[in-house]
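Quick note: numbers below take in every heavy atom, side chains included, and nothing from hydrogens, waters or symmetry partners. As the structure is a computational prediction, the values presented were derived from the model and not from experiment. Every chain is numbered from 1 and lettered A, B, ... according to where its sequence line falls, protein lines coming before strand lines.
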Amino acid sequence: MKIAVASGKGGTGKTTLSCAMAFAAQEKVTLLDCDVEEPNSHFFIRPEIEHQEQVFRPVPAVDETKCTGCGECARVCQFNAIVTVNGKTLVFNELCHSCGACVRICPTGALHEVDQPIGQIETGRRDHVRFVSGRLDVGQAMSPPLIRRTLEQADAESLTIVDCPPGTSCPYVTAVKACDAALLVTEPTPFGLHDLKLAVETIRDLGVPFGVAVNRMTEEKNPIQAYCEAEGIPLLIQIPEDRRAAEAYSRGEPINTVMPELNERLAQIPEQLKAMI
Amino acid sequence: MKIAISTSGEDLSAPVDTRFGRAPRFLIYHMETGTFSLKENKQNLNAAQGAGIQSAACVCEEQVDAVITGNCGPKAFAVLDAAGIKVYTCGSTAISEAIDQLRQGQLHPADEANVEGHWV
Ligand code: SF4
Ligand code: SF4
């Protein structure tokens, strides 16, 4: 089973929770860091890296001697990534989604695909945790192809926890829709609630079952609880605001080593999500 | 010589629109005859990405020699440059004023984009 750990925005504790859940699991588990623009789960997992691999994606290249400037490629591109002006064809790699439509439509065979390096995938392990992380190269803007490649590393047999990209746009959707269930991490503040609502809207469209985790809980009653009750969303874990957690974080340690009382709860989350599928 | 000027207005008294990629329309001005026509840019106004590229392609279709606008991003600039179109930047003065400034050689062609591209 693949569980997405996601949040409406960054900094809510998505990585903290992914790593804590991986360490708390009683079985073999794979942690996929799909937050490829800023992967940081390795700080907490501290895996021994066994393998590194470069990832490429195809982008069109123009053979100027064959291009007639007919503009068919620009008309077929849905992403405005290729344009023909005064008989010249220009490709904007950073807008290209590698769909291949322009290459297929070009009547003169002036376009062919070339591999552009976009990032790396690292794999390793620590104890019962198998670790896989994608890292986008600096200056690359197109993360979904790398996220998909990272997701391919999931273990079909055992539990896989996916640390997802923040936000609710393409990268988030790419990661979440590949999972069986999701845990949405939020904070007990009005801002946290606002971002959670956006994440919930998107995930309902995707049809992925989900529960909520509240991080840095200070009081008994908070706006997240009221919202979840009203919407019938299961609130799966509430992690209290605790000095020990902040200290563990700054040392690069998972929170459950300093708050072992959380382990039981954390280990139950995959089971609870499984029951919702 | 033909010039495309980004604007939200419809005649020479309207101000130059400082946006290039998301300008509502272009006023195409003929230097020799002093006449002009309008080229709508609505389809590109709401493009999620690549508005600058499409707007540049749109003025290229008009076979202009130069563009006057407020700010031109790197992608639009690359397209205009490939098409051999010069880019002159100015503030949001009236179009007629900007044309006068160009005539008197007070506007200078940009040799690179003057604003960063942005991601939606
Ligand atoms: S479709 Fe092929 S020939 Fe036509 S403009 Fe594009 S690259 Fe050139
Ligand atoms: S591969 Fe697809 S997205 Fe990329 S330039 Fe060609 S048509 Fe556009």
Subject >> Part of residues 76-92 of chain B lying next to chain A, heavy-atom separation under 4.5 Å >> reply: B:Ala78, B:Val79, B:Ala82, B:Ala83
**OP:** Kindly compute the distance separating NZ (B:Lys75) from CG (A:Leu95), expressed to the nearest 0.5 Å.
**Re:** 5.0 Å
Look at atom [atom1] of [X] and say whether more than 12 heavy atoms of other residues, nucleotides or ligands are closer to it than 6.0 Å.
X: B:Lys2; atom1: NZ; answer: yes
X: A:His112; atom1: NE2; answer: yes
X: A:Glu38; atom1: CD; answer: no
X: A:Phe56; atom1: CZ; answer: yes
X: B:Gln104; atom1: CD; answer: yes

Original post:
Do you know the tightest heavy-atom contact between A:Val85 and B:Cys60?
Top reply: CG1-SG, 3.3 Å
